[in-house]
Amino acid sequence: MDDTSFDLTEHEGSNLSPFLHRLFNEWDDRKTRGLFHHDISSCETKVLPGEHNFVATLIEGRDQKKRPTEFTMNQVLQPFVSEKFNFTKVSPLEVSPIGYCHALLTPKIQDCLPQRIDQESFLIAMYVAREARNPFFRVGYNSLGGFATINHLHFQAYYLRVQYPVEKATTEKLTSLGNGVSIFHLLDYPVSGFLFKGGASLEDLSDVVSKVCIFLQENNRPFNVLISESGKRVFLLPQCYAEKQILGKASQEFLDMRINPAIWELSGHLVLKRRKDYDEASEANICRFLVEAALSETEFQELNRCLLDFVTSWL
């Protein structure tokens with residue numbers, strides 16, 4: 001694929017599900033009222049040539065408009081602190097989307113839960129993905145230490161009319177569980193990770209993935225989740241970039257680019273803040289960055305072993 005720019009706001013119109021049609025209308029209303037920090041329709045986006053076809057978007061200065069992180073990045077589980085910023089304090093003027101229909105899902109917002117997966121909330125996120133009935137609408141989750149910036153339970157939703165690079169990655173099956181859910185690991189992708197799919201129902205798939213997420217967060221393993229194909233496939237991507245930053249092991253080249261590798265970035269959509277980085281973006285550079293954010297092969301194999309031991313204990 002050539003280095004091609006395209007319109008993020010393009011969608012199927014009358015073919016949208018009722019849920020997505022309403023969400024688009026609500027999003028367009030907020031945009032018309034000028035409640036976003038920037039006009040996302042004027043931001044440049046391109047698909048990079050190469051094997052993976054990474055997507056790059058230029059939003060200059062976005063990181064300077066976002067609210068700063070108010071917690072440590074080396075603990076996946078941290079208590080909710082009401083004095084710090086949370087979504088009960090949101091002003092519409094603080095909205096800062098990365099693309100068309102970029103929205104937050106905040107289950108049980110008034111319960112003031114910290115950013116941690118539980119089975120009920122994850123199932124809500126899976127239901128939202130299913131209700132969209134659209135392969136270009138994804139739901140994502142970032143753990144603390146995985147570049148969630150607010151310690152208040154939330155997921156993100158985003159519409160982009162292109163297949164994400166991670167969704168095209170080849171996979172190899174690791175195991176199948178009694179309820180029909182199969183677990184795979186990614187091959188030939190710069191971020192080592194897992195794919196979950198199958199099961200007799202969406203609830204079966206959600207139950208397995210949420211239990212694995214709980215296992216990771218209880219063992220202080222940062223991770224990111226992409227709910228894909230209306231809840232039929234779920235990608236789980238562990239990472240260690242925040243730890244490298246804390247230990248002074250992150251490359252200065254990438255620190256200067258100010259990229260936070262959250263779920264959209266690890267899935268292959270990079271939001272860049274400097275014109276220079278956007279103009280010079282290439283598959284080779286993005287692969288190097290994602291490899292730095294990901295677990296090493298040794299670290300991933302150890303995590304893989306622990307995860308398989310955990311899931312087979314259910315059998």
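We count residues from 1, following the sequence as given.
Leu255 is connected to Met257 through a chain of hydrophobic side-chain contacts under 4.5 Å among Ile, Leu, Val, Met, Phe, Trp and Tyr, so both are in one cluster. Grouping the Ile, Leu, Val, Met, Phe, Trp and Tyr side chains by contacts below 4.5 angstrom, directly or via other members, places Phe310 with Leu205. A continuous path of hydrophobic side-chain contacts links Leu308 to Val208 [ILVMFWY only; heavy atoms under 4.5 Å].
Asn224 places a side-chain N or O within 3.5 Å of a backbone atom of Gly146 that can act as its donor or acceptor partner. At distances below 3.5 Å, at least one donor-acceptor pair connects side-chain atoms of His152 with backbone N or O atoms of Ile109. With hydrogens and angles ignored, the 3.5 Å screen pairs no side-chain donor or acceptor of Asp111 with any backbone N or O of Leu113. Judged purely by atom type and a 3.5 angstrom limit, Glu292 has no side-chain atom pairing as donor or acceptor with the backbone of Ala250. Side-chain N or O atoms of Glu283 include one that pairs as donor or acceptor with a backbone N or O of His52 at under 3.5 Å. The main-chain N or O of Val181 is found under 3.5 Å from a side-chain atom of Asn179 such that the two form a donor-acceptor pair. A donor-acceptor contact shorter than 3.5 Å is absent between the side chain of Asn151 and the backbone of Pro114. In this structure a side-chain-to-backbone donor-acceptor pair under 3.5 Å is present from Lys46 to Tyr278. A donor-acceptor pair is defined here as one N or O able to donate and one able to accept, closer than 3.5 Å; such a pair exists between the side chain of Ser17 and the backbone of Glu131. Judged purely by atom type and a 3.5 angstrom limit, Ser230 uses its side chain to pair as donor or acceptor with the backbone of Asn134.
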### Task
Before giving the answer on side chain to side chain contact (heavy atoms under 4.5 Å, CB included), spell out for Leu48 and Ile286 the whole-Å C-alpha distance, their side-chain angles and the decisive distance to 0.1 Å.
CA-CA 10 Å; Leu48 301 178; Ile286 289 177; 3.4 Å; yes

### Query
Going through the checks in order, is the side chain to side chain contact (heavy atoms under 4.5 Å, CB included) test met by Leu186 and Glu172?
CA-CA 7 Å; Leu186 305 183; Glu172 181 177 73; over 6 Å; no

### Message
Applying side chain to side chain contact (heavy atoms under 4.5 Å, CB included) to Ser182 and Phe196, what does each step give before you reach the verdict?
### Response
CA-CA 6 Å; Ser182 294; Phe196 299 77; over 6 Å; no

### Query
What's the verdict on side chain to side chain contact (heavy atoms under 4.5 Å, CB included) for Asn142 and Phe223, showing C-alpha distance, side-chain angles and the deciding distance?
CA-CA 7 Å; Asn142 303 314; Phe223 63 91; over 6 Å; no

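Here Asp277 does not pair with Lys273 in a salt bridge; the nearest charged N to carboxylate O distance is not below 4.0 Å. One finds no salt bridge joining Glu229 and Lys197 here, because no Lys/Arg side-chain nitrogen approaches an Asp/Glu carboxylate oxygen to under 4.0 Å. One finds a salt bridge joining Lys108 and Glu120 here, because a Lys/Arg side-chain nitrogen approaches an Asp/Glu carboxylate oxygen to under 4.0 Å. A salt bridge links Arg138 and Glu167; the closest N-O separation between the charged side-chain nitrogens and carboxylate oxygens is under 4.0 Å. Contact check on Glu44 versus Arg275 returns a salt bridge, with a Lys/Arg side-chain nitrogen under 4.0 Å from an Asp/Glu carboxylate oxygen.
Among Tyr189, Phe184, Phe300, the single residue meeting the ring-ring contact (aromatic ring centres under 6.0 Å, His included) criterion with Phe194 is Phe300. Of the listed residues (Arg258, Lys276, Arg288), just one forms a salt bridge (charged side-chain N to carboxylate O under 4.0 Å, His left out) with Glu253, and that residue is Arg288.
For the pair Leu266 and Leu226, the minimum side-chain heavy-atom distance is 4.5 Å or more. Counting only heavy atoms from C-beta outward, the side chains of Val271 and Trp264 never approach each other to under 4.5 Å. Considering only heavy atoms from C-beta on, Glu60 stays 4.5 Å or farther from Arg274 through its side chain. Side-chain contact between Leu216 and Leu236 is present, with heavy atoms from C-beta onward closer than 4.5 Å. Between Tyr159 and Phe24, some side-chain heavy-atom pair lies under the 4.5 Å cut-off. Residues Leu20 and Arg133 have side chains not in contact (no heavy-atom distance under 4.5 Å, counting atoms from C-beta outward). At a threshold of 4.5 Å between non-hydrogen side-chain atoms, the residues Val225 and Cys213 count as touching. Contact check for Asn53 versus Lys168: side-chain heavy atoms found under the 4.5 Å cut-off.
For the residue pair Asp118 / Ser121, a side-chain donor-acceptor distance below 3.5 Å is found, with atom types taken as modelled. Ser206 and Glu203 form no side-chain donor-acceptor contact under 3.5 Å, judged by distance and modelled atom types alone. For the residue pair His102 / Gln156, a side-chain donor-acceptor distance below 3.5 Å is found, with atom types taken as modelled. Of the N and O atoms on the side chains of Glu265 and Tyr241, not one donor lies less than 3.5 Å from an acceptor on the other residue.
Taking the six-membered ring where the residue is Trp, Tyr158 and His269 present parallel rings, their angle staying beneath 30° rather than reaching 60°.
Taking CZ of Arg305 as the reference point, atom CG of Leu307 lies at 11.0 Å (rounded to 0.5 Å). Once rounded to the nearest 0.5 Å, the distance linking CD of Glu299 with CG of Leu303 reads 9.5 Å. Taking CG of Leu144 as the start and CD1 of Ile150 as the end, the distance is 10.5 Å to the nearest 0.5 Å. A distance of 8.0 Å separates CG of Asn285 from CD of Glu280, quoted to the nearest 0.5 Å. Interatomic distance, Ile183 CD1 to Thr171 OG1, rounded to the nearest 0.5 Å: 12.5 Å. Note that the CG atom of Leu272 and the CG atom of Asp279 stand 10.0 Å from one another [nearest 0.5 Å].
Between His154 and Tyr141, the distance from one ring center to the other does not fall under 6.0 angstrom. For Phe289 and Phe254, the ring centers are positioned less than 6.0 Å apart.
The shortest heavy-atom contact between Gly145 and Ala242 is O-CB, 3.6 Å. Residues Lys244 and Ala294 approach most closely at NZ-O, 4.3 Å, considering heavy atoms. Looking at every heavy atom in both residues, Ser192 comes nearest to Leu295 through OG-O, 4.4 Å. The minimum heavy-atom distance linking Ser143 with Pro222 is given by the pair OG-CA, 3.5 Å. Looking at every heavy atom in both residues, Ile263 comes nearest to Gly140 through CG2-CA, 4.1 Å. Taking each heavy atom of Ala169 and Leu187 in turn, the nearest pair found is CB-O, 4.2 Å.
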